[in-house]
Amino acid sequence: MVINMDVLKRIPVKEQDPKVRARNFEEVCLGYDKEEAMEEASRCLKCKNAKCITGCPVSIDIPGFIKAVEAGDIEEAYQVISKYSALPAVCGRVCPQETQCEQRCIRAIKGESVSIGKLERFVADWARVNDVKPEAAKEKKSQKVAVIGSGPAGLTCAGDLAKMGYDVTIFEALHEPGGVLVYGIPEFRLPKDTVVKSEIENVKALGVKIETNVVIGKSTTIDELMEEEGFEAVFVGSGAGLPKFMGIPGENANGVFSANEYLTRSNLMKAFDENYDTPIAAGQKVAVVGGGNVAMDAARTALRLGAQVYIVYRRSEEELPARVEEVHHAKEEGVILKLLTNPTEILVDDNGWVKGMKCIEMELGEADASGRRRPVEKPDSEFELEVDTVIMSLGTSPNPLISSTTTGLDINKYRCIIANEENGQTTKEGVFAGGDAVTGAATVILAMGAGKAAAKGIDEYLQNK
Ligand SMILES: Cc1cc2nc3c(=O)[nH]c(=O)nc-3n(C[C@H](O)[C@H](O)[C@H](O)COP(=O)(O)OP(=O)(O)OC[C@H]3O[C@@H](n4cnc5c(N)ncnc54)[C@H](O)[C@@H]3O)c2cc1C
Ligand code: SF4
């Protein structure tokens, strides 16, 4: 059946109604069904020299998998994707495709690009429902590799090494594996019990062992893993989980959160659900300071807990670093953007609780070193915003625990681990690193790309040892 004859346009994807979803934690995007996916796949020109592949940090054979979708062979499509990516159901949902594969799609020159992300998501979801798994290694090697952190970087590196036959153990500080996928990105964008858990199960099915509640640098150290426990190589994928604050007066008041804490309470500890023990201060009027994906997630979470929510960002909408789709969804749900605005003080009542936020209006001046126009304060433009909760979402940096407890592991001035981009090699022999721990806060797919490159680097190192 032909659903849509206009090949310049994408097959639209079903979404929950904004008014309804603004009050629940269920997934916003409902995804394609098989018929819609096959129809969308038929828009792909299966280019010989496919530009979309060059936009994907793990170089998925995009026309290859889309061809299988068009033919209705979804299992084949899944096997093609699995050669390149361990987390397709995650990437199909959270990758910024508009600046990666889809931006380079030839269809985007005239009309809309092929909906590559939504097709990837459809294939991965189909595989989950139909219990199709990636293939494990036939021959095992005796060499042991330790992976620190179970975020996308660690899971990808571990999965690739297991496919090569290595004996891999992941050590994770929290009680659940997944990194930002479980404690950061909210349920309404990335369902945990279905999507994330099942992709982690797939990595385990490759033979990877996961030990939770192990903080490397406290419970044990990298040096001990290598010298006493027989690990011949280590991959560090510990992320960038340390929040930044502004240093303005009043920041220690009750009702001020880091986005990390707010989202961890809601996502990992399920504070939004009355059946769980962890509390959360929902707030009536909430200001989220910042403009990245994390800020959008915190704002949309606060909205779902019943608050009126402002995003306070010092530049204009054009410079918002969050994904376009997320900003669009946040606005549709009723989040109010207070742009070109910067907080100068948090106002505190007699009991130590937030009662408001002093802000100043900004305007855009000259371009700075990054090429973005620098925001400058407008004179005499101070005003007060009445809020009872403030969520700081100003970025994060890597936790120094690992570097400070490992001899010879060097970091740069941003506290990021120094590692070779090609193979993840750090300044310490046998230790490799990648993901946010090396780059600072970035994206899921870049962390996966780094995990993949490091798995190759580790394999070469162990073969030549
Ligand atoms: C709220 C939020 C929303 C985001 N939205 C998007 C998005 O839409 N799209 C996108 O592409 N990216 C998004 N990102 C960014 C993306 O999630 C990260 O770039 C990515 O998860 C980095 O992967 P990683 O494996 O390097 O680190 P992480 O995912 O941070 O995983 C690191 C893991 O290491 C563990 N760990 C840390 N220290 C130790 C230790 N000493 N011992 C043992 N374990 C340790 C941590 O507990 C954690 O589980 C978002 C981030 C956040 C916070
Ligand atoms: S560039 Fe676009 S049309 Fe060409 S193969 Fe990739 S997805 Fe298909």
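Just so you know, residue 1 is the first one in the sequence shown, and it goes up from there. Remember, it's 1-based here, ligands and their atoms both numbered in the order they're listed.
Listed by chain and number, the protein N, O or S atoms at a distance under 2.8 Å from atom 6 (Fe) of ligand 2 are Cys52 SG.
Residue contact check for ligand 1: Arg189 places a non-hydrogen atom closer than 4.0 Å to it. Proximity of Gly237 to ligand 1 is established by a heavy-atom distance of less than 4.0 Å. Contact between Gly217 and ligand 1 is absent, with no heavy atom of the residue lying under 4.0 Å from the ligand. The closest approach between Val214 and ligand 1 falls below 4.0 Å for a heavy atom of the residue. Ligand 1 has at least one atom lying under 4.0 Å from a heavy atom of Ile148. Residue contacts with ligand 1: Ala442 is included, with a non-hydrogen atom under 4.0 Å away.
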| task | Output, in order, the C-alpha distance, side-chain angles, deciding distance and verdict of salt bridge (Lys or Arg N to Asp or Glu O under 4.0 Å) for Glu40 and Lys118. | result | CA-CA 9 Å; Glu40 178 63 16; Lys118 299 285 186 285; over 6 Å; no
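In this structure, Phe188 and Phe25 have tilted ring planes: the angle between them lies in the 30° to 60° band.
Residue nearest to atom 24 (P) of ligand 1, selected from Gly434, Cys91, Pro152: Pro152 (by heavy-atom distance). Of the listed residues (Gly239, Gly179, Ser150, Gly440), the one carrying the non-hydrogen atom nearest atom 27 (O) of ligand 1 is Gly239. The closest heavy-atom contact to atom 41 (N) of ligand 1, among the options Val180, Leu242, Ile216, comes from Ile216.
Ionic pairing of Arg121 and Glu27 is present here: one or more N-O contacts between side-chain nitrogen and carboxylate oxygen are shorter than 4.0 angstrom. With respect to the salt-bridge test (charged N to carboxylate O, under 4.0 angstrom), the residues Lys144 and Glu229 do not qualify.
At a 4.0 Å heavy-atom cut-off, ligand 1 touches Leu263 through the side chain alone. Residue contacts with ligand 1 for Asp297 involve side-chain atoms from C-beta outward but no N, CA, C or O (heavy atoms, distance under 4.0 Å).
Using modelled atom types, one finds no donor on one side chain facing an acceptor on the other under 3.5 Å when comparing Tyr461 with Glu232. In this structure, a donor-acceptor pair under 3.5 Å is absent between the side chains of Asn399 and Ser238.
Taking any N or O of Ala153, backbone or side chain, at least one lies under 3.5 Å from an N or O belonging to ligand 1.
For atom 47 (O) of ligand 1, the nearest non-hydrogen atom of the protein is Glu172 OE2, 2.7 Å. Of the protein's non-hydrogen atoms, the one nearest atom 7 (C) of ligand 1 is Val94 O, 3.5 Å. In terms of protein heavy atoms, atom 31 (O) of ligand 1 is closest to Gly151 CA, 3.4 Å. Of the protein's non-hydrogen atoms, the one nearest atom 38 (N) of ligand 1 is Ser238 CB, 3.6 Å. Among all non-hydrogen protein atoms, the one lying nearest atom 26 (O) of ligand 1 is Asp436 N, 2.9 Å.
Short contacts between ligand 1 and Val444, defined as distances under 4.0 Å to a heavy atom of the residue, involve ligand atoms 10 (C), 11 (O), 12 (N), 16 (C), 17 (O), 19 (O).
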Distance-only donor-acceptor pairs under 3.5 Å for side chains of residues 414-425, two or more places apart:
unit_1 : atom_1 : unit_2 : atom_2 : d
Asn420 : OD1    : Glu422 : N      : 2.7
Asn423 : OD1    : Gln425 : N      : 3.1
Gln425 : NE2    : Lys428 : O      : 3.0

